[in-house]
Amino acid sequence: MHYWLMKSEPEEMSIDAALAEPKHTVPWFGVRNYQARNFMRDAMQVGDGVLFYHSSCPEPGVAGFARVASIAYPDASQFDPDSKYFDPKSAPEQPRWMLVDVQALKKTRLISLAELRAQPELANMVILKRGNRLSITPVSAAEWRCLQHMSK
DNA sequence: GCCAACGTTGGC
DNA sequence: GCCAACGTTGGC
């Protein structure tokens with residue numbers, strides 16, 4: 001059992017939009033960074049906890065809780081020429097980009113970046129590290145518990 | 001729109 | 001394999 005923080009631009013996929021989907025589940029398409037892909041492909045397991053993070057928006061921060069709902073499988077958007085995530089260098093017989101399904105569980109109050117930074121227990125959170133841009137980052141069990149408390 | 005930080009590309 | 005140039009991310 002692992003925990004993760006996954007960034008999404010709410011204009012593209014918000015916690016509300018995910019909760020509106022059948023089974024509250026969405027394929028986490030569009031990841032085009034090898035490190036983030038490797039987390040999904042190699043480390044994620046069904047049932048892992050996910051902090052649903054809204055980025056590149058007026059109020060960046062943790063917006064809800066979710067869980068990993070599938071093992072990794074090929075991201076279809078890499079083969080779609082009309083998608084902005086199209087990757088002409090990826091071959092169907094050897095897909096370069098993988099994704100997992102994410103099931104939204106609960107919308108929380110918005111826990112802002114500033115609030116995260118103000119928590120001493122979260123000082124080592126990967127997302128708060130200087131210059132971090134990874135869209136998927138591991139979260140420790142202690143950090144996860146801290147967020148659970150903060151969400152109330 | 002700015003800019004720091006980091007990833008990727010491609011010539012050599 | 002090096003590394004400069006370029007592109008992207010994402011908070012502000």
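Each chain gets a letter, A, B and so on, in the order its sequence line appears, and its residues count up from 1. Everything numeric here is computed off the predicted structure, so don't read it as measured data.
- By the side chain to side chain donor-acceptor pair (under 3.5 Å) test, A:E121 is found to be paired with no residue, residues two or more places apart in sequence or in another chain being considered.
- Identified under the salt bridge (charged side-chain N to carboxylate O under 4.0 Å, His left out) test for residues 50-76 of chain A, with sequence neighbours left out: A:R32-A:D75.
- Screening residues 134-152 of chain A for salt bridge (charged side-chain N to carboxylate O under 4.0 Å, His left out), with sequence neighbours left out, gives no hits.
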Are there any protein N/O atoms within less than 3.5 Å of an N/O atom in nucleotides 6-12 of chain C, and if so, which ones and at what distance?
residue, atom, partner, partner atom, Å
C:dT8, O2, A:R133, NH1, 2.4
C:dG10, OP1, A:K7, NZ, 2.7
C:dG10, OP1, A:R133, O, 2.9
C:dG11, OP1, A:Y53, OH, 2.9
C:dG11, OP2, A:S56, N, 2.9

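- Residues passing the side chain to side chain donor-acceptor pair (under 3.5 Å) test with A:W4 are A:D48, sequence neighbours excluded.
- Counting any heavy atom pair closer than 4.0 Å across all strands shown, A:K129 reaches no nucleic acid atom.
- Residues passing the side chain to side chain donor-acceptor pair (under 3.5 Å) test with A:N38 are A:R41, sequence neighbours excluded.
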